[in-house]
Amino acid sequence: MTASLLRTAADLRARARAGRRAVVMTMGALHEGHATLIRTARRIAGPEGEVVVTVFVNPLQFGAGEDLDRYPRTLDADVELAGKSGADAVFAPSVDEVYPGGEPQVRISAGPMGERLEGAARPGHFDGMLTVVAKLLHLTRPDVALYGQKDAQQLALIRRMVRDLNFGVEIVGVPTVREEDGLALSSRNRYLSPAERRTALALSQALFAGRDRHAAQEALRARAREVPATRARAEALSAIGESRAAADAHAVATTAGGPAAVRAAARLVLDEAARLDPPLRLDYLALVDPSDFTEIGDDFTGEAVLAVAARVGSTRLIDNLPLTFGTFGDAS
């Protein structure tokens, strides 16, 4: 299908609405990750509904020295991809259309949650992000808005804003889309040279190492709970193929692991990548509670997010994986 290109809020308001309107907000330079968002929006909106993709490079969320000027603008290709993925319209307003009269004097504050991790690395970023999201929600008036889970802190803050400020819209998070080698899809990946891209793989590899360490730990704990703490435990653990002595396996299952082990497994990969050429320069590795993005303790149970941010050359990349603690089951 072909998506209509709309440049003004008046053009968007003039569209006849029928069924649910689903909105996907982007800064353009669309790729398969965005296409997945749009296809998901199409399913949610249904054949009688409408899917609107916004394309707007928001100057408020770029700090000094960041890549606002070189951020890729590929509107023609974006409109084509959006249409092929199921969008009815692409809303691509100018800066003057979104911010008439210049930068807004009144803005949304992300609060303490917006000062952690990405907020600490990019002061003011989340205030600018929430301000434009609020404006675009008002301009597009969706029933549901979809965002990628790759930007986990952004998604959490949007959900918090919608809840705290009583926006009448449903927020849907869509899982991260990855390339075959594991690198999370991002518009900034195109900045990477071949050598830089090889180094950048350490971000996802670190997350996978943390996830796998956690999964192994949870499996050992589950096995340990299935047999009594007697000689039968040693025999049972040996029978299921543990290569170490059963006593060692029991010790690992009951004492080691948890959040500290997840962090250590991920950091080992990142430390090795810091010695590559070109090197990876770590901004942060964090294992956080997604409700407020504070670090979790060793006794934490429930949903968590393992997040990483780093620079390779002049390009800054982020990634994350969800994990679940305390279920003695699947790690994610």
Side-chain angles (χ1 to χ4, degrees), residues 6-10 12-13 21-28 34 37 41 52-68 71 90-174 186-188 283-284 286 288-294 305 307 309 316 318 320:
L6 310 174
R7 290 291 198 168
T8 69
L12 189 57
R13 286 193 301 269
R21 175 178 283 179
V23 165
V24 175
M25 295 185 186
T26 82
M27 291 204 300
H34 298 108
L37 283 166
V52 176
V53 175
T54 69
V55 174
F56 180 67
V57 182
N58 178 33
L60 295 191
Q61 64 195 74
F62 287 80
E66 293 189 336
D67 57 355
L68 173 61
Y71 195 88
V90 172
F91 178 47
S94 67
V95 172
D96 289 339
E97 180 73 17
V98 177
Y99 302 122
E103 291 190 3
Q105 297 299 302
V106 177
R107 307 187 188 194
I108 301 289
S109 171
M113 185 175 168
E115 297 171 358
R116 301 173 185 132
L117 300 186
E118 283 299 291
R122 305 175 66 188
H125 166 73
F126 285 126
D127 292 354
M129 180 276 295
L130 289 178
T131 298
V132 78
V133 167
K135 288 182 71 74
L136 289 172
L137 287 175
H138 290 314
L139 290 170
T140 59
R141 296 175 296 142
D143 299 289
V144 56
L146 297 89
Y147 302 89
Q149 291 179 359
K150 185 178 79 71
D151 296 299
Q153 193 171 3
Q154 170 180 284
L155 174 59
L157 280 162
I158 291 170
R159 283 178 165 153
R160 190 68 187 238
M161 177 185 73
V162 165
R163 186 184 72 184
D164 288 355
L165 301 183
N166 300 101
F167 282 68
V169 61
E170 177 187 357
I171 302 299
V172 173
V174 177
S186 170
S187 300
R188 290 187 170 93
D283 275 3
Y284 62 75
V288 299
D289 182 337
S291 69
D292 59 9
F293 269 70
T294 57
V305 173
R316 187 174 185 276
I318 63 173
N320 71 84

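Position 1 is the first residue of the sequence; numbering continues from there.
When side chains are defined from C-beta on, Ile171 counts as touching Leu155, because their heavy atoms get closer than 4.5 Å. Within the 4.5 Å cutoff, no side-chain heavy atoms of Val144 are placed close to those of Val23. Side-chain contact between Arg316 and Ile318 is present, with heavy atoms from C-beta onward closer than 4.5 Å. The side-chain heavy atoms of Val90 and Leu6, taken from C-beta on, include no pair separated by under 4.5 Å. When side chains are defined from C-beta on, Val52 does not count as touching Pro142, because their heavy atoms never get closer than 4.5 Å. Thr54 places none of its side-chain heavy atoms less than 4.5 Å from the side chain of Val24. Using a 4.5 Å heavy-atom threshold, the side chains of Thr8 and Ser94 count as separate. No side-chain heavy atom of Tyr147 sits less than 4.5 Å from a side-chain heavy atom of Val172.
Ala145 approaches Val169 most closely through the heavy-atom pair N-CG2, 3.9 Å. Here the closest non-hydrogen pair linking Leu117 and Ala286 is CD2-CB, 3.7 Å. Closest approach of Tyr99 to Pro104, counting heavy atoms only: CD2-CD, 3.5 Å. Here the shortest heavy-atom pairing between Ala156 and Pro290 reads CB-O, 3.7 Å. Between Ala9 and Glu97, the closest heavy-atom pair is N-OE2, 2.9 Å.
Interatomic distance, CD of Gln154 versus CD of Gln149, reported as 12.0 Å (0.5 Å rounding). Between Leu60 atom CG and Phe126 atom CZ the span is 14.5 Å, to the nearest 0.5 Å. With rounding to the nearest 0.5 Å, the separation of CE in Met27 from CE in Met129 is 11.0 Å. The CD1 atom of Ile158 sits 7.0 Å away from atom CE of Met25, with the distance rounded to the nearest 0.5 Å. Note that CG of Asp127 and CZ of Arg122 are 12.5 Å apart. Values are rounded to the nearest 0.5 Å. Between the OG atom of Ser109 and the CG atom of Leu130 there is a distance of 8.5 Å, given to the nearest 0.5 Å.
Under 3.5 Å, the side chains of Asp292 and Thr294 contain a donor-acceptor pair of N or O atoms.
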(request) Show your working on side-chain contact (heavy atoms from CB on, under 4.5 Å) between His125 and Phe62 and close with a plain yes or no. (result) CA-CA 6 Å; His125 166 73; Phe62 287 80; over 6 Å; no
(request) Using the side-chain contact (heavy atoms from CB on, under 4.5 Å) rule, take Phe91 and Val53 through it: C-alpha gap first, then chi angles, then the decisive distance, then the call. (result) CA-CA 6 Å; Phe91 178 47; Val53 175; over 6 Å; no
(message) Could you walk me through whether Val98 and Phe56 satisfy the side-chain contact (heavy atoms from CB on, under 4.5 Å) test, starting with their C-alpha distance in whole Å, then the side-chain angles of each, then the deciding distance to 0.1 Å, before giving a yes or no?
(response) CA-CA 9 Å; Val98 177; Phe56 180 67; 3.7 Å; yes
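Asp143 contributes a side-chain N or O that, together with a main-chain N or O of Arg21, makes up a donor-acceptor pair within less than 3.5 Å. In this structure a side-chain-to-backbone donor-acceptor pair under 3.5 Å is present from Thr131 to Ile108. In this structure, the side chain of Asn58 engages the main chain of Gly128 through a donor-acceptor pair within 3.5 Å. Side chain of Gln153 to backbone of Arg116: a donor-acceptor contact under 3.5 angstrom is found. Remark: side-chain polar atoms of Asn320 are paired, donor with acceptor, to backbone N or O of Lys150 under 3.5 angstrom.
At most 12 heavy atoms of other shown residues, nucleotides or ligands fall within 6.0 angstrom of atom CZ in Arg160.
Salt bridge Arg159/Glu170: absent, no basic N to carboxylate O contact under 4.0 Å.
Ring centers of Phe167 and His138: under 6.0 Å apart, within the cut-off.
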